[in-house]
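Notes to accompany the following structure.
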Amino acid sequence: MKRIAWGITGSGDLIKETYEIMVDISKRTDIEFMVFLSKEGETVMKWYRMWDSIQHDFPNFKTDAGPNSPFIAGPLQVGHYDALIIAPATANSVAKIVHGIADTLVTNVVAQTAKGQTPIYILPVDQFRGEVTTYAPNGKEMKLKMREVDVRNSEKLAEMENITVLKSPNDIYKLVGLE
């Protein structure tokens with residue numbers, strides 16, 4: 001892979017783990033990253049005090065100004081990027097993607113990219129039944145129980161064409177050949 005478009009939604013769960021992996025991949029490979037954030041992705045990066053870091057670590061950085069602004073979908077459709085990774089993905093974004101709603105930058109990019117040949121990889125945070133442990137912005141451990149509707153939407157996402165569901169942030173290493 002030479003170019004990856006990485007979309008970040010408003011999930012605090014798995015954001016630090018995903019970010020650390022993407023920084024590691026960036027340092028260990030010559031992959032060019034274009035990073036784009038939903039409006040809530042921007043909020044979460046600020047809450048978790050990662051806002052300055054992401055702008056420093058990923059200079060090709062864009063924020064949501066509307067469902068098709070900045071214009072990312074076209075280059076993804078025509079193969080300018082080797083892959084689209086949405087990680088982590090909120091239950092809200094997953095539900096929208098599953099039901100064909102493309103009213104945010106991230107959901108529109110996925111909808112339009114799916115019409116082309118560029119592979120899409122999505123890491124839903126609500127994909128396993130039961131309780132998960134996550135961390136608040138202050139580092140405090142939190143236990144969350146997954147809602148059945150969110151888990152089912154993640155399962156439906158895995159059945160969609162041109163979309164591969166990632167089980168953990170570590171799966172991204174496999175995508176780029178760093179196992």
State, to 0.1 Å, how close [X] and [Y] come at their nearest heavy-atom pair, and which atoms those are.
X: Gly10; Y: Val44; answer: O-CG2, 3.1 Å
X: Ala73; Y: Val109; answer: N-CG2, 4.3 Å
X: Val94; Y: Pro124; answer: CG2-CB, 3.8 Å

Residues which pass salt bridge (charged side-chain N to carboxylate O under 4.0 Å, His left out) with [X], listed by chain and number, not counting sequence neighbours:
X: Lys143; value: Glu141
X: Asp150; value: Arg147
X: Glu17; value: none

- Message: My understanding is that only residues two or more places apart in sequence, or in another chain, count here; which of them pass side-chain contact (heavy atoms from CB on, under 4.5 Å) with Lys174?
- Response: Asp171, Glu179

- Message: Within the 4.5 Å heavy-atom criterion, are Asp24 and Tyr173 side-chain neighbours or not?
- Response: yes

[X] side, atom [atom1]; [Y] side, atom [atom2] - distance, nearest 0.5 Å:
X: Phe36; Y: Thr9; atom1: CZ; atom2: OG1; answer: 10.0 Å
X: Lys16; Y: Met50; atom1: NZ; atom2: CE; answer: 7.0 Å
X: Arg28; Y: Ile21; atom1: CZ; atom2: CD1; answer: 10.5 Å
X: Leu84; Y: Gln112; atom1: CG; atom2: CD; answer: 12.0 Å
X: Ser93; Y: Leu105; atom1: OG; atom2: CG; answer: 10.5 Å
X: Ile8; Y: Met45; atom1: CD1; atom2: CE; answer: 5.0 Å

Quick one: name the residues clustered hydrophobically with [X], using the 4.5 Å side-chain heavy-atom rule over I, L, V, M, F, W, Y, and just say none if it's on its own.
X: Met142; answer: Val132, Leu144, Met146, Val151
X: Val149; answer: none
X: Ile101; answer: none

- Message: Tell me which pairs pass salt bridge (Lys or Arg N to Asp or Glu O under 4.0 Å) where either residue lies in residues 118-132, with sequence neighbours left out.
- Response: Arg129-Glu148, Arg129-Glu155

- Message: Show me the pairs that pass salt bridge (Lys or Arg N to Asp or Glu O under 4.0 Å) and involve residues 87-100, at least two apart or across chains.
- Response: Lys96-Asp103

Can you tell me if [X] uses its side chain to pair, donor with acceptor, with the backbone of [Y] under 3.5 Å?
X: Ser154; Y: Val125; result: no
X: Asp82; Y: Ile4; result: no
X: Gln77; Y: Lys115; result: no

- Query: Given the rule in the side chain to side chain contact (heavy atoms under 4.5 Å, CB included) test, do Thr113 and Tyr81 qualify, once you have shown the distances and angles that lead to the verdict?
  - Reply: CA-CA 10 Å; Thr113 301; Tyr81 294 95; over 6 Å; no

- Query: Could you go step by step and tell me if Ile85 and Met22 meet the side chain to side chain contact (heavy atoms under 4.5 Å, CB included) rule?
  - Reply: CA-CA 11 Å; Ile85 299 173; Met22 296 305 244; 4.1 Å; yes

- Could you list the residues that satisfy side-chain hydrogen bond (donor to acceptor under 3.5 Å, both in side chains) with Thr134, not counting sequence neighbours? Asp13

- Message: What verdict does the side chain to side chain contact (heavy atoms under 4.5 Å, CB included) test give for Thr90 and Glu40, after you've listed the backbone C-alpha separation in whole Å, the side-chain angles of each residue and the deciding distance to 0.1 Å?
- Response: CA-CA 10 Å; Thr90 61; Glu40 293 307 316; over 6 Å; no

Side-chain donor-acceptor pairs under 3.5 Å in residues 52-60, sequence neighbours left out?
unit_1	atom_1	unit_2	atom_2	d
Gln55	NE2	Trp51	O	3.2
Asp57	OD2	Tyr19	OH	2.5
Asn60	OD1	Lys62	NZ	3.2

- Hydrophobic cluster membership, Leu178 vs Trp6, 4.5 Å side-chain cutoff: yes

- Could you check Thr104 against Ser38 for side chain to side chain contact (heavy atoms under 4.5 Å, CB included), going step by step and ending with a plain yes or no? CA-CA 7 Å; Thr104 69; Ser38 69; 5.6 Å; no

- Between Glu42 and Lys46, does a salt bridge (Lys or Arg N to Asp or Glu O under 4.0 Å) hold up when you go through it step by step? CA-CA 6 Å; Glu42 181 177 339; Lys46 290 175 180 175; 2.9 Å; yes

Just distance, no hydrogens or angles: give the donor-acceptor pairs under 3.5 Å from side chains in residues 157-170, sequence neighbours left out.
unit_1	atom_1	unit_2	atom_2	d
Asn162	ND2	Thr118	O	2.8
Ser168	OG	Asn170	N	3.2

